[in-house]
Amino acid sequence: PDELIKMVEAVPLSFEHGTDVKQSATNFLILTSIIEKVAKMPYKDFVKKYQIDYLGLTETRIGDDVLAVKQENVAPGSVHQTFKRDKDYINAAETTTGYTDKDGKLEKVATINTSTMKGFSDVWASAENVSHWDIALAGSVLIAKPENRALIYQPTKLANGKVVPAMAGWQFYNHKGLMDIKGASP
């Protein structure tokens with residue numbers, strides 16, 4: 001993480017402070033560093049203790065913990081079957097396998113190195129666990145003070161008067177139950 005932060009230190013800002021917002025993986029990388037300094041523990045341990053374990057999210061993994069989930073080796077054209085006969089493969093946190101078309105043949109896409117995603121796309125969870133986490137976040141289970149929850153869910157007015165829909169990369173489309181999380185990296 002320190003190397004990545006050093007890499008972007010010299011990159012000029014995309015806009016003047018207080019005039020706009022833009023999602024960036026480096027924002028979350030800096031946030032993880034702040035969490036580690038304040039909490040005096042690794043970011044991964046902090047999230048596990050205060051969110052994953054606290055909420056009992058048994059189908060959620062963070063960082064390289066996802067590597068411990070048994071993954072069925074499904075060849076292109078084959079069907080996911082092993083879970084029907086081996087209980088260790090009944091796991092809602094099993095990751096998907098991506099393929100790309102290369103000269104008319106499907107080739108498996110390389111597995112993502114989880115260490116490069118610290119704080120940004122490094123949590124894998126079942127749909128049910130995501131729902132439980134979202135309810136805990138929207139209520140007062142994870143964030144007790146309403147004014148702190150408002151930082152995530154409510155539009156924010158910047159110093160120049162521009163209103164942005166929400167923070168932390170979350171965008172709400174005025175449809176109950178529809179949320180999109182977007183991001184970009186430099």
Side-chain angles (χ1 to χ4, degrees), residues 1-52 57 60-67 93 95-102 107-125 129-130 133-134 136-138 142-175 177-186:
D2 291 338
E3 293 170 21
L4 291 172
I5 291 171
K6 285 184 192 309
M7 196 168 77
V8 298
E9 277 179 336
V11 176
L13 295 176
S14 300
F15 43 84
E16 187 180 326
H17 174 75
T19 63
D20 207 352
V21 295
K22 181 179 179 186
Q23 182 80 11
S24 172
T26 54
N27 296 347
F28 289 95
L29 188 58
I30 292 168
L31 179 60
T32 62
S33 296
I34 293 168
I35 289 169
E36 290 179 341
K37 286 184 189 288
V38 172
K40 296 181 179 19
M41 67 172 58
Y43 160 76
K44 177 180 166 183
D45 295 346
F46 180 86
V47 172
K48 283 181 73 156
K49 180 177 181 177
Y50 293 105
Q51 292 189 36
I52 297 171
L57 303 176
T60 299
R61 307 290 181 271
I62 183 168
D64 59 1
D65 289 352
V66 75
L67 302 175
T95 60
T96 59
T97 301
Y99 292 89
T100 188
D101 183 349
K102 185 159 184 165
E107 285 192 10
K108 189 175 182 178
V109 176
T111 304
I112 295 172
N113 178 351
T114 59
S115 67
T116 63
M117 300 184 297
K118 184 178 178 182
F120 188 77
S121 301
D122 64 345
V123 176
W124 286 263
N129 276 195
V130 169
W133 177 83
D134 185 49
L137 187 65
L142 291 177
I143 302 175
K145 295 180 179 177
E147 61 271 23
N148 291 340
R149 283 193 307 279
L151 291 171
I152 296 173
Y153 291 105
Q154 300 300 315
T156 300
K157 190 173 191 177
L158 302 177
N160 66 351
K162 179 178 180 177
V163 176
V164 293
M167 301 309 272
W170 298 6
Q171 295 180 4
F172 299 91
Y173 296 100
N174 300 317
H175 301 30
L178 181 60
M179 173 181 74
D180 186 27
I181 302 174
K182 294 185 179 264
S185 57

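This one's a predicted model, so the numbers in the text were calculated from it and none came from an experiment.
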For side chain to side chain contact (heavy atoms under 4.5 Å, CB included), just list the numbers for Asp122 and Phe28, CA-CA rounded to whole Å, side-chain angles, deciding distance to a tenth of an Å, and then say yes or no. CA-CA 11 Å; Asp122 64 345; Phe28 289 95; over 6 Å; no

The complete set of salt bridge (charged side-chain N to carboxylate O under 4.0 Å, His left out) pairs with one or both residues in residues 31-42, sequence neighbours excluded, reads Glu36-Lys118

Has Arg149 got a side-chain atom pairing as donor or acceptor with Ala144's backbone, closer than 3.5 angstrom? yes

Rounded to the nearest 0.5 Å, the CG atom of Leu29 sits from the CD1 atom of Ile34 at a distance of 10.5 Å

CD1 of Ile35 to CE of Met41, rounded to nearest 0.5 Å, is 11.0 Å

Those residues at least two apart in sequence (or on a different chain) that pass side chain to side chain donor-acceptor pair (under 3.5 Å) with Lys48 are Asp65

The ring pair (Phe, Tyr, Trp, His ring centres under 6.0 Å) partners of Phe46 (sequence neighbours excluded) come to Tyr50

Heavy-atom nearest pair, Gly18 first then Leu158, reads O-CB, 3.2 Å

* If you count the non-hydrogen atoms of other residues, nucleotides and ligands that lie under 6.0 Å from CD in Glu16, is the total more than 12? -> no

side-chain contact (heavy atoms from CB on, under 4.5 Å) filter on Glu9, not counting sequence neighbours, yields Ile5, Lys6

The reported gap from CG in Leu57 to CD in Gln51 (rounded to nearest 0.5 angstrom) is 8.5 Å

Output for pair (Trp133 CH2, Leu142 CG), nearest 0.5 Å, gives 8.0 Å

All heavy atoms of Ala125 vs all of Thr60, minimum pair found to be CB-OG1, 3.3 Å

Contacts of Lys162 meeting side chain to side chain donor-acceptor pair (under 3.5 Å) (sequence neighbours excluded), chain-then-number -> Asp20

Hits for side-chain contact (heavy atoms from CB on, under 4.5 Å) against Val163, two or more places apart or cross-chain, chain-then-number order -> Pro155, Lys157

Can Lys44 and Asp64 be counted as an ion pair, charged N to O under 4.0 angstrom? yes

